[in-house]
Amino acid sequence: MQLSLADHYREMLIIRLVEEQLMVAMTSGLVSGSTHLCIGQEAIPVGACSVLRKDDPLIATYRGHGWALARGVSPVDLMAEVMGRDSALNGGRAGSAYLSAPLNHFYGENSIVGAGVPVALGLAIACQRAGDGRVPLVSIGDGAMNQGNVHESLNMGSVLEIPMILMVENNGYAEMTPSHALTAVPAIARAAAYDIPGFETDGNDPIAVASTVAKAREIALAQSTTVLVEAHTHRLAGHYSGDVQAYRPAGELQEKHESCPLARAEEQLTQDEVTQIRASVVSYIAHEFAAATQIPAPSPEGAFDYVFSS
Amino acid sequence: MQLSLADHYREMLIIRLVEEQLMVAMTSGLVSGSTHLCIGQEAIPVGACSVLRKDDPLIATYRGHGWALARGVSPVDLMAEVMGRDSALNGGRAGSAYLSAPLNHFYGENSIVGAGVPVALGLAIACQRAGDGRVPLVSIGDGAMNQGNVHESLNMGSVLEIPMILMVENNGYAEMTPSHALTAVPAIARAAAYDIPGFETDGNDPIAVASTVAKAREIALAQSTTVLVEAHTHRLAGHYSGDVQAYRPAGELQEKHESCPLARAEEQLTQDEVTQIRASVVSYIAHEFAAATQIPAPSPEGAFDYVFSS
Amino acid sequence: MSSVADYPELSYIRAVNLALDESLQTHPEMIVFGEDVAIPHGPFGATKGLLAKFGDRVFDTPISESAMLGAALGSAMGGMRPVVEIMYADFLFVAMDQIVNQIANSSYVSRGMLKAPLVIRTQQGHTPGACAQHSQSVEALFAHIPGLRVAVPSTPADVYSILKASIALDDPVMVFESRKLYPTKGQVAVGQDDSGIGIARTIQTGDDLTVVTWGTARALVEESVASGAGAGASIEVIDLRWISPWDSSRVLESVSRTGRLLVVHEANTNAGFGAEVVSTVAEELGSRLRASRRIGLLGTPVPSSPALAQAVLPTVARVTSAITELLKD
Amino acid sequence: MSSVADYPELSYIRAVNLALDESLQTHPEMIVFGEDVAIPHGPFGATKGLLAKFGDRVFDTPISESAMLGAALGSAMGGMRPVVEIMYADFLFVAMDQIVNQIANSSYVSRGMLKAPLVIRTQQGHTPGACAQHSQSVEALFAHIPGLRVAVPSTPADVYSILKASIALDDPVMVFESRKLYPTKGQVAVGQDDSGIGIARTIQTGDDLTVVTWGTARALVEESVASGAGAGASIEVIDLRWISPWDSSRVLESVSRTGRLLVVHEANTNAGFGAEVVSTVAEELGSRLRASRRIGLLGTPVPSSPALAQAVLPTVARVTSAITELLKD
Ligand SMILES: Cc1ncc(C[n+]2csc(CCOP(=O)(O)OP(=O)(O)O)c2C)c(N)n1
Ligand SMILES: Cc1ncc(C[n+]2csc(CCOP(=O)(O)OP(=O)(O)O)c2C)c(N)n1
Ligand SMILES: [Mg+2]
Ligand SMILES: [Mg+2]
């Protein structure tokens with residue numbers, strides 16, 4: 001079921017406004033610690049989740065608010081978790097960088113670069129054996145391509161013929177260092193090293209992402225293989241909340257803002273559509289944020305539960 | 001200074017006979033624990049060391065007796081170390097699988113699959129900064145290509161432009177599992193994933209190995225890059241000393257023996273040359289072994305020294 | 001219930017094999033994987049015959065421990081019950097992130113919504129000639145990590161029951177087997193479940209000294225005591241079997257009677273789990289702990305030569321002289 | 001020698017920066033590398049200005065901790081003096097093999113012929129909002145490994161002198177800095193070398209109770225004591241500064257006077273280095289150790305929400321009540 005651009009836009013806007021709301025919350029001292037926002041990268045989770053099955057397992061990085069929201073996590077729950085409240089997600093245990101929503105088949109963010117990929121491989125093994133057609137997707141950053149665990153997982157996924165999608169969100173930077181200074185070749189050029197199919201896509205266009213991910217998913221299942229997708233995008237905010245971005249070349253941010261997925265969608269939608277969607281999402285997020293601030297901090301008594309589940 | 005085939009043969013024979021002598025020693029209970037012999041793979045260290053500078057740093061795996069010998073370690077020292085004696089190498093501390101000969105610029109074997117590669121990268125950084133034209137070589141097995149640390153090092157060697165040679169000895173197996181079952185593509189096919197030059201060579205021909213390594217070394221220095229060499233060979237013995245090799249397809253060993261580097265060299269040399277070299281090496285190794293058995297076990301008092309060097 | 005006399009004598013490695021076999025029958029969602037575990041039957045034979053019997057529920061992997069352990073976590077969260085073999089405990093270090101930062105956290109951070117019913121089987125310790133990279137005993141490191149359960153079985157019976165219980169548990173368990181003990185034999189209560197997670201075993205009772213041990217070191221203690229160490233005194237010997245959780249109440253009860261405590265393990269003494277045992281007792285019993293001592297590796301990497309290894313690893317002689325000295329206090 | 005009053009007030013992070021700067025001048029073979037340390041000045045500013053001053057002796061690496069630590073070992077054996085930054089101690093787990101199986105063994109197995117003069121700088125501990133994967137205190141794990149030296153400095157003065165001494169040393173040293181302490185200020189004896197490897201510092205003397213602490217936990221102890229904990233009693237406070245080697249003789253001398261021991265660290269209590277401290281004292285002093293206690297993380301992963309983190313991490317209140325209780329014994 002293909003989403004219209006207006007639908008995609010609405011979803012992307014939800015993510016954008018949640019992230020912006022969190023920036024405000026941070027400035028107001030409502031968030032402890034730092035967060036990693038996905039501003040500029042919204043088209044990737046939105047496009048991908050529009051074609052994944054709702055029960056395809058999902059794993060993201062610390063920059064994963066967009067994936068949680070695109071997978072159906074409500075903004076109030078997510079913002080409450082980021083603010084350390086007793087949220088419906090992880091009750092404040094996870095915070096911004098490590099949250100999960102198991103009921104939404106979102107197995108969570110991961111704060112260790114690349115470390116979600118081996119875990120996704122395991123989920124993929126479980127899906128394959130269940131034989132019910134689910135295919136996990138794991139998203140990482142471009143810089144993560146140089147972690148050993150990613151390498152090991154791609155080779156293992158290939159030789160064991162495990163259907164899985166590795167989404168590489170190439171946002172131009174790893175922290176404060178431009179990607180090309182760290183990685184010998186683009187992510188896509190590594191697919192051949194594992195004999196797996198690889199696709200590139202415009203990560204600022206949710207429809208392009210959707211069609212690439214749909215194709216990747218089909219091939220993963222049909223050929224029983226791991227598939228790599230590299231989505232080109234740009235991080236339009238700092239690496240983390242306090243990042244002053246002194247390392248950016250002059251004019252870069254401005255230039256990159258031109259290909260912002262929201263701006264691009266707005267060009268294609270009518271003024272009316274945009275105005276209407278904006279109005280509804282703005283008030284939606286405002287309400288959700290207000291609701292999140294009403295959620296109390298978790299009770300310390302519970303802090304010792306669930307170290308083990310049995 | 002190119003070695004003649006006869007010289008190569010002599011060197012390879014030393015390695016072969018040392019390994020066979022160690023098998024006998026094992027059967028006689030003179031060796032504690034297991035060893036990993038390089039029978040069938042002698043052409044690689046011999047060919048490579050014939051063109052490396054004597055002070056090019058070298059690192060090998062647990063299957064590294066050949067590298068130590070090709071680098072000039074005397075058989076008596078090596079065999080004594082393997083037998084846990086107070087050898088001139090590591091005084092029995094290292095044993096078969098972890099020995100080193102720093103005076104020969106052999107930084108040692110490594111018993112952790114792939115783990116010598118990051119260390120070699122560091123040596124390469126030191127060589128590059130010394131600026132005296134040394135280039136480290138690190139040898140690993142084909143199965144090691146799937147360890148994360150190898151991946152990380154190749155990428156880092158590439159982006160930081162570090163001259164280093166990674167030698168992959170593809171001997172058909174990783175322990176008891178044939179290589180193709182474990183690795184999605186041949187090692188050589190991964191060079192492109194790091195944007196580094198890659199060469200294949202006949203690992204059963206010391207002259208082919210020598211010329212490939214010479215070329216790799218030249219390019220590493222000239223282009224300031226890490227270079228990958230895949231040498232095709234075959235392990236003609238078990239993975240470790242006690243391996244009964246039940247996993248081998250019928251006839252495989254026999255077939256592979258035909259391309260044994262020693263057998264092949266013998267075909268090209270005259271009968272006289274072979275007889276003469278054999279006679280001298282046989283008696284040389286016999287003497288060295290006898291000398292090794294005379295070396296006492298290390299004194300336990302020294303066992304606490306050098307945990308730290310300062 | 002069959003009488004004890006009927007139970008078979010099995011080697012430690014065969015007990016491992018049997019526990020895996022029976023568990024694969026009991027738990028249809030269980031899978032077994034690792035390096036050389038399927039077609040080659042396992043480097044030490046732990047998985048012998050399982051491929052033939054259970055087909056692709058038993059499979060070989062590349063030499064990629066991070067991917068293996070991540071695959072264990074992911075497949076466990078996805079509804080399976082993986083048992084993964086890490087060939088030597090020394091190799092855990094190439095993949096420790098998946099244990100410490102991933103596996104150990106999953107239940108806690110998700111408030112129990114993500115479960116990780118998985119077992120990491122490995123073997124550890126020194127055998128003659130093994131190098132420093134194949135000789136370590138590393139259980140203490142994992143006991144320090146919240147969210148992991150850690151067992152160190154020392155007999156065929158214990159490895160059998162502990163493995164079965166660990167596999168049935170919905171939490172991640174690390175089982176540290178012993179390469180040195182693989183050939184040793186003992187009666188195994190086949191079919192009997194002993195799901196005592198964290199329960200120690202009292203090997204012999206006594207009133208003058210408590211000796212706590214586990215894993216390969218247990219044999220040193222037994223040999224020392226059998227050969228008359230502390231003759232005349234009455235010595236209690238406890239095999240912890242688990243170090244996380246561990247049976248502190250049993251040890252406390254014992255030392256509250258004996259007033260003396262010796263802990264013997266093969267791992268390095270410094271910051272080893274013996275320190276946890278002694279300090280827990282010291283905290284609880286105060287000056288009623290009259291004398292204590294720990295015996296373990298003496299602060300060096302393990303050298304390969306038997307002549308050297310003997311000097312740095314725990315020995316029967318060291319156990320015996322510690323027993324003698326402690327009894328003087 | 002300038003008088004103490006003349007020494008500048010520096011922040012902890014600035015003291016790190018100065019130690020690196022001065023060491024780069026002293027040791028021409030020293031190099032500094034890590035993620036974002038050169039062009040971006042370091043994620044926390046530890047390496048600010050070093051690239052400009054020392055050029056390519058300071059360089060950025062890909063996000064590849066195994067390769068980084070291997071590069072540290074190799075370059076050290078090759079004659080350099082690398083100082084590598086691991087951004088968070090939690091990331092050590094992706095690369096622990098290079099530390100435990102490679103770096104720690106090199107001197108011993110080669111009988112000192114291969115030297116590894118390298119420093120692994122990292123920072124650890126919890127700060128508000130940090131998740132379980134960015135909050136751990138892991139020093140105890142490394143103290144258990146023969147061949148490594150481990151420091152946990154708690155003040156600008158100490159991190160400055162410890163770093164300089166560690167860099168000058170021909171052995172591998174792990175320096176666990178503290179993110180939480182980075183902004184804290186203190187006088188630093190610039191130019192004065194205090195090469196006391198393994199030497200603790202007595203913060204205040206006393207005769208009724210010995211409190212041993214290190215790293216971020218020191219502040220809890222100081223605050224507790226300053227706010228009157230154990231009022232009327234005389235409390236000795238020792239900051240270990242190093243846990244491998246550690247200043248056991250100082251602690252023993254102290255407890256032999258006080259008979260009571262409290263150890264406070266931020267790391268998990270179970271199998272933490274506090275256990276080594278208490279059990280060493282128990283072994284040496286026997287029943288003269290009348291009472292002891294350890295305070296640390298209470299056995300959970302560290303939750304992100306401050307409301308929860310506060311419940312599981314050590315606090316001033318927990319220190320104060322432990323002091324009160326211990327003084328009753
Ligand atoms: C193993 C590990 N090393 C380092 C870090 C610190 N770190 C966090 S994000 C990041 C950059 C990652 O870049 P990239 O993969 O491109 O993802 P992006 O942040 O751009 O989304 C680094 C180095 C980490 N979290 N884990
Ligand atoms: C990290 C790690 N995992 C597993 C092992 C066990 N192991 C030793 S040798 C070996 C096979 C390696 O195969 P390959 O790299 O092809 O080298 P070869 O033995 O054929 O020379 C394995 C799995 C190890 N030593 N280190
Ligand atoms: Mg990026
Ligand atoms: Mg091989």
Side-chain angles (χ1 to χ4, degrees), chain C residues 66 90-102 104-105 108-109 131-133 136 138 140-147 243-244 259 261 263 267-268 270-283 286-294 297-304 329, chain D residues 66 90-102 104-105 108-109 131-133 136 138 140-147 243-244 259 261 263 267-268 270-283 286-294 297-304 329:
Chain C
S66 278
D90 312 74
F91 309 160
L92 290 167
F93 297 113
V94 300
M96 246 178 98
D97 175 72
Q98 288 295 327
I99 301 174
V100 175
N101 283 323
Q102 314 301 333
N105 286 330
Y108 184 75
V109 176
C131 77
Q133 296 172 323
Q136 295 166 93
V138 301
L141 304 182
F142 297 91
H144 187 49
I145 307 299
I243 63 160
S244 182
L261 173 62
V263 187
N268 191 21
N270 194 50
F273 196 75
E276 179 62 35
V277 174
V278 172
S279 59
T280 298
V281 172
E283 284 171 347
S287 49
R288 286 188 292 154
L289 174 62
R290 287 158 50 197
S292 61
R293 186 127 333 166
R294 291 170 289 154
L297 172 68
L298 290 168
T300 71
V302 183
S304 171
D329 273 305
Chain D
S66 279
D90 312 74
F91 309 161
L92 289 167
F93 296 113
V94 301
M96 246 176 97
D97 174 72
Q98 288 295 327
I99 302 174
V100 175
N101 283 322
Q102 314 301 333
N105 286 330
Y108 184 76
V109 176
C131 78
Q133 295 171 324
Q136 294 165 94
V138 301
L141 305 182
F142 298 91
H144 187 48
I145 308 298
I243 62 161
S244 182
L261 173 61
V263 187
N268 192 22
N270 193 52
F273 196 76
E276 180 62 35
V277 175
V278 172
S279 57
T280 297
V281 172
E283 285 171 347
S287 52
R288 285 189 292 154
L289 174 61
R290 287 158 50 195
S292 60
R293 186 126 333 165
R294 291 169 290 154
L297 172 67
L298 290 167
T300 71
V302 184
S304 171
D329 272 305

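Labels below follow one simple rule: chain letters A, B, ... track the order of the sequence lines, proteins then strands, and each chain is numbered from 1.
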C/N270 side-chain N/O to D/A143 backbone N/O, donor-acceptor pair under 3.5 Å: yes

Residue among D/A95, D/G274, D/A282 with most heavy-atom pairs under 4.5 Å to chain C: D/A282

Top contributor to chain D contacts, counting heavy-atom pairs under 4.5 Å, from C/V278, C/V94, C/V100, C/L261: C/V100

Close side-chain approach of C/R294 to D/T280, heavy-atom, < 4.5 Å: yes

D/S304, part contacting chain C, at a heavy-atom distance under 4.5 Å: neither

Closest non-hydrogen atom pair, C/E283 against D/R293: OE2-C, 3.4 Å

Expected output: side-chain D/N268 to main-chain C/H144 donor-acceptor under 3.5 Å: yes

Pairwise distance CZ(D/R290) to OG(C/S287) - rounded to 0.5 angstrom: 8.0 Å

Heavy-atom contact with chain C under 4.5 Å, split by part of D/Q98: neither

Most chain D-contacting option - heavy-atom pairs closer than 4.5 Å, from C/L141, C/V138, C/L92: C/L141

Atom group of D/V109 that falls short of 4.5 Å from chain C, counting heavy atoms: side chain

Chain C interface, residue from D/T300, D/V302, D/L289, D/D329 that has the most non-hydrogen pairs under 4.5 Å: D/T300

Interatomic distance, C/M96 atom CE to D/I99 atom CD1 [nearest 0.5 angstrom]: 10.0 Å

Top of C/A267, C/G147, C/A291, C/G272 for chain D proximity - count of heavy-atom pairs under 4.5 angstrom: C/G272

Donor-acceptor under 3.5 Å (D/N105 side chain, C/P301 main chain): no

Interatomic distance, C/I145 atom CD1 to D/Q136 atom CD [nearest 0.5 angstrom]: 6.0 Å

D/D90 side chain vs C/N101 backbone, donor-acceptor pair below 3.5 Å: no

When D/G286, D/S66, D/S244, D/G259 are compared by non-hydrogen pairs under 4.5 Å with chain C, the top option: D/G286

Contacting region of D/A104 [heavy-atom separation from chain C under 4.5 Å]: backbone

Minimum heavy-atom distance C/P146-D/G299, with the two atoms named: CB-O, 3.4 Å

